[in-house]
Colleague: 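Questions regarding the structure given below will be posed in turn.
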Amino acid sequence: MMREKIHEQFQKHFGGSGEFYASAGRINLIGEHTDYNGGFVFPGAIDKGMMAEIRLNGTDRVRVYSVDLEDSAEFGFREEDAPSASWARYVFGVCREIIKRCGDVLKGFDAAFAGDVPLGAGMSSSAALESTFAFALNDMLELSIDKFELARIGQSTEHNYCGVNCGIMDQFASIFGKAGSLIRLDCRSMEYKYFPFHPKGYRLVLLDSVVKHELASSAYNRRRASCETVVTAVKAAGHPSVEYLRDVDMAMLAEVKGKVSDEDYMRAEYVIEEIQRVLDVCDALERDDYETVGAKMYETHHGMSRLYEVSCPELDFLNDLARECGVTGSRVMGGGFGGCTINLVKDELYDSFISRAVRDFSAKFGHEPKVYPVVISDGARKLE
Ligand code: ADP
Ligand code: MG
């Protein structure tokens, strides 16, 4: 359906037809606030993504039409050609970042694109957009850019053209995602490993609280500072090789109790436990043990709420409700202070859980949460 919709607009704006490419939004099953501590994240691509029809146009200009926003943009490849529409800067940024790495290799193209990743809901619609175009240009022009570099092109696009100082996880998941697999990424070494995710009898569903509390960025900076403070203290306590909280275990943390504030201690405790939880969940998945996966998700929520203190009443409410309904696993996904919970729900509980969550959440907070069922799916690819 999306494909027909895109093609109709492609024909209308450019005539004829092009090649189809797609990429995906992502979830992170577990591993929150671990990336900047040298730990692991555990994302996967989802069945909501971006799709584009693209064709070289024989010029040195890009003409691109956003089907969803009903807006077009045209630009060249020089830095001063940057378009003003924010959506178009993602496409322009990808072009510029390719040029920075590969030189004058791009050719003008026409493209129409659309997507079904909800914008700003925590599933990274922006990474889906970047990786669709990065993958497509690499493929069409045979640039031989490796997949990691394609992800970095998306990340640099956010940094340099969209003002978002993000990590690599979103673009990594969008490029590397595979149906039926989650990917454990070691944020220190950048090594990654696929793990099977076949939750037979369960569904994954995100409940979007549709709130974003404003303290997020200042609180985030304070959390990072706490982590650094503890690393410095542990180093000074006779562990000079420690570089990140990844290198610290609970016994080492206990050695600095009283030397760091109770708050910093709690923050570090959460991070150390969370890094271990990712490993535990990977082990559980290799045994198809989804009950353990779910239990770890609740532990993460508890840690984020009570130790790292990045939850909020709306998210805690959704988490409590999941527990009361007998949902297998539930936790806040993303940095916190709003956004979604991710829930692992048995098939037979799904309908009653969703209707109760919608009803009770609305009664308490005056608006409905949004409901996004997701299936782990393929990332960037060419469509036949
Ligand atoms: P997210 O968390 O979903 O990545 P961002 O704010 O990072 O949210 O990115 C959203 C931006 O990406 C939008 O404002 C828009 O510029 C662009 N974008 C995402 N999806 C689409 C789409 N379907 N069509 C056009 N632009 C899109
Ligand atoms: Mg984004």
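Order of listing sets the numbers, starting from 1, for every ligand and every atom in it. All heavy atoms count here, side chains included; hydrogens, waters and symmetry mates do not.
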Colleague: Quick check on Leu119 - does any of its heavy atoms sit under 4.0 Å from an atom of ligand 1?
Modeller: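 So Leu119 counts as touching ligand 1.
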Colleague: Quick check: does any side chain N or O of Asn319 sit under 3.5 Å from a backbone N or O of Leu315, one acting as donor and the other as acceptor?
Modeller: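 Checked: no pair found.
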Colleague: If we set the cut-off at 4.0 Å for heavy atoms, which region of Ser66 has an atom near ligand 1: side chain, backbone, both, or neither?
Modeller: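 Only the side chain of Ser66 comes within reach of ligand 1.
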Colleague: Give me the residue, atom name and distance of the protein heavy atom closest to atom 19 (C) of ligand 1.
Modeller: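 So the nearest neighbour among protein heavy atoms is Ser125 OG, 3.1 Å.
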Colleague: Can you find a protein heavy atom under 4.0 Å from atom 2 (O) of ligand 1?
Modeller: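 Yes, because at least one protein heavy atom sits under 4.0 Å from atom 2 (O) of ligand 1.
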Colleague: Assert yes or no for the condition that the ring centre distance of Phe113 to Tyr21 is strictly below 6.0 Å.
Modeller: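 So the answer is no for these two rings.
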Colleague: Taking 2.8 Å as the cut-off, does Ser126 contribute an N, O or S atom near the Mg ion (ligand 2), distance below it?
Modeller: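 Yes - counting backbone and side chain alike, Ser126 has an N, O or S atom under 2.8 Å.
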Colleague: Which of the numbered atoms in ligand 1 are below 4.0 angstrom from a heavy atom of Leu69?
Modeller: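 By the 4.0 Å cutoff, the relevant atoms are 25 (C), 26 (N).
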Colleague: What atoms of ligand 1 come within less than 4.0 Å of a heavy atom belonging to Phe113?
Modeller: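 This gives 24 (N), 25 (C) as the contact atoms.
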Colleague: Quick one: nearest non-hydrogen protein atom to atom 7 (O) of ligand 1, plus distance?
Modeller: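 The closest heavy atom on the protein side is Ser126 OG, 3.1 Å.
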Colleague: Looking at residues at least two apart in the chain, or sitting in another chain, which of them share a ring pair (Phe, Tyr, Trp, His ring centres under 6.0 Å) with Tyr36?
Modeller: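 So Tyr36 forms a ring pair (Phe, Tyr, Trp, His ring centres under 6.0 Å) with His33, Tyr220.
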Colleague: Does at least one non-hydrogen atom of Pro118 fall below 4.0 angstrom from an atom of ligand 1?
Modeller: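 True for this residue.
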Colleague: Assess whether a salt bridge exists between Glu348 and Arg203, defined as any Lys/Arg side-chain N lying under 4.0 Å from an Asp/Glu carboxylate O.
Modeller: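 Here Glu348 does not pair with Arg203 in a salt bridge, since their nearest N and O are not under 4.0 Å apart.
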Colleague: For ligand 1, is there an atom lying under 4.0 Å from some heavy atom of Met50?
Modeller: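 Per 4.0 Å heavy-atom rule, Met50 contacts ligand 1.
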Colleague: Between Arg55 and Glu19, is the closest basic N to carboxylate O distance under 4.0 Å?
Modeller: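 So Glu19 does not pair with Arg55 through a salt bridge.
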Colleague: In terms of side-chain geometry, is the basic nitrogen of Glu286 or Lys193 positioned less than 4.0 Å from the acidic oxygen of its partner?
Modeller: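 Answer for the salt bridge query: yes.
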Colleague: Among all protein heavy atoms in this structure, tell me which lies nearest to atom 27 (C) of ligand 1, with the distance rounded to 0.1 Å.
Modeller: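 Protein heavy atom at minimum distance: Leu129 CD2, 4.0 Å.
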Colleague: What's the shortest distance from atom 12 (O) of ligand 1 to any protein heavy atom, and which residue and atom give it?
Modeller: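 Closest protein heavy atom to atom 12 (O) of ligand 1: Tyr90 CE1, 3.6 Å.
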Colleague: For the pair Glu368 and Arg359, find out whether any cationic side-chain nitrogen is under 4.0 Å from an anionic carboxylate oxygen.
Modeller: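 Salt bridge between Glu368 and Arg359, a charged N being under 4.0 Å from a carboxylate O: no.
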Colleague: Taking the six-membered ring for Trp, are the ring centroids of Phe92 and Tyr161 within less than 6.0 Å of each other?
Modeller: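 Ring centroids of Phe92 and Tyr161 are less than 6.0 Å from each other.
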Colleague: For atom 26 (N) of ligand 1, what's the nearest protein heavy atom and its distance?
Modeller: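 Its nearest protein heavy-atom neighbour is Trp87 CB, 3.5 Å.
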Colleague: Could you tell me whether Asp288 and Lys200 make a salt bridge, using a distance below 4.0 angstrom between a side-chain N and a carboxylate O?
Modeller: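 Result for this pair is no, no salt bridge flagged.
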Colleague: To which protein heavy atom is atom 22 (C) of ligand 1 closest, and what is the distance rounded to 0.1 Å?
Modeller: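 Closest protein heavy atom to atom 22 (C) of ligand 1: Asp68 OD2, 3.7 Å.
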